[in-house]
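Structure first, commentary second.
As the structure is a computational prediction, the values presented were derived from the model and not from experiment. Here is the naming used below: chain letters follow the sequence lines, and residue numbers restart at 1 for every chain.
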Amino acid sequence: SVGTFYSKEGKRWVDDNFSLYDRIVFKGKELTNSEIADSNYLFLGSWYLQNLNSFYVKPIDYNYFKSLKNKIASRLYEILGVKFYGVRNKKQDFICYKYSTLCQLLPITRKKYISMAKQQLNPSNNELKDTGFISKYDWGENSRKEWLIYYWPGERAKEEMKRAKIRIVDLQTEGYLPGPKRGLEYFSQEQKDLIDKLVEINVSRITAEGLIINYDQQLIEKWIEAIHYARAE
DNA sequence: ATTAGCCCTCAATAATGGTG
DNA sequence: CACCATTATTGAGGGCTAAT
């Protein structure tokens with residue numbers, strides 16, 4: 001896997017061989033030398049974990065994602081969300097997919113006739129349009145007789161990108177660049193303890209400090225608690 | 001090329017059984 | 001007896017195919 005994974009913290013592409021998970025331990029198996037796993041554990045790969053910690057993720061509106069009835073629609077939402085990112089501030093304010101490409105990306109089989117392809121995808125397209133994620137979509141054909149689908153971002157998509165941009169700016173200015181005030185004495189003892197806890201669960205120190213500044217302490221404590229559960233699933 | 005009906009798959013819910 | 005886990009049932013959605 002060369003050139004497929006970008007490290008946010010390292011600011012470079014990763015060419016190493018790596019896997020998403022470092023280690024998987026199933027329930028009842030030996031966890032460490034003496035401990036037996038009380039449920040299934042998943043250890044995220046270090047690169048993956050680092051990027052999560054750096055918030056190098058595409059923010060998705062999980063509630064919206066869940067609300068989508070059609071699974072094709074929800075997958076489209078993920079894909080288009082990323083693509084719309086690339087489209088902002090460009091002259092061309094829409095994106096275009098070959099149907100054949102979409103077939104590889106979506107949980108669908110390639111149809112022989114355009115009518116079938118349309119009734120395959122349009123219910124999902126309409127759902128996204130009705131909920132405002134796209135403003136409209138259109139079918140077309142290129143010179144090689146390949147079917148194309150055009151998507152225009154809707155209000156919901158634009159809102160999402162706006163929100164994401166603000167969050168990124170917030171984190172970069174307030175959470176990342178170590179400001180002049182960013183000494184250890186800046187934190188209370190309680191906060192230091194909390195940071196240590198975060199570091200224990202593999203959050204990088206700089207991110208942990210950023211979290212402490214930007215979020216309520218109790219919220220973070222709950223969050224740590226939740227992670228201990230989430231790990232097991 | 002398009003439409004409609006049948007069949008298969010998957011997932012959500014209900015029912016059953018096993019355990020503290 | 002209550003609670004959790006496993007199994008059975010049902011329903012919706014999508015693919016395949018035959019008829020138009």
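- A donor-acceptor pair shorter than 3.5 Å can be found between the side chains of Gln120(A) and Tyr99(A).
- Proximity of Asn70(A) to the phosphate of dA12(C): no side-chain N or O atom is located under 4.0 Å from OP1 or OP2.
- When only modelled atom types and interatomic distance are considered, Tyr77(A) and Asp61(A) share no side-chain donor-acceptor pair under 3.5 Å.
- Between Ile72(A) atom CD1 and dG15(C) atom P there is a gap of 6 Å when expressed in whole angstrom units.
- dT2(B) atom P lies 14 Å from atom CD of Gln120(A), rounded to whole Å.
- Lys111(A) places its NZ atom 4 Å from the P atom of dG15(C), with the value rounded to the nearest Å.
- To the nearest angstrom, P of dG14(C) lies 10 Å from CD1 of Ile108(A).
- In the model, Gln119(A) has no side-chain atom that pairs as donor or acceptor with a side-chain atom of Tyr113(A) under 3.5 Å.
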Subject >> Candidate pair Leu76(A) and Phe133(A), rule side-chain contact (heavy atoms from CB on, under 4.5 Å), full reasoning >> reply: CA-CA 10 Å; Leu76(A) 263 176; Phe133(A) 183 69; over 6 Å; no
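- Atoms CE (Met116(A)) and P (dG5(B)) sit 14 Å apart, rounded to a whole Å.
- Nucleotide dT3(B) holds its P atom 7 Å from the CD atom of Gln119(A), rounded to whole Å.
- Atom CG of Leu121(A) is separated from atom C1' of dG14(C) by 12 Å (rounded to the nearest Å).
- Contact annotation: Ser115(A) side-chain N/O to dA1(B) OP1/OP2 distance is not under 4.0 Å.
- One can place CZ of Arg110(A) at 14 Å from P of dG15(C), the figure rounded to the nearest angstrom.
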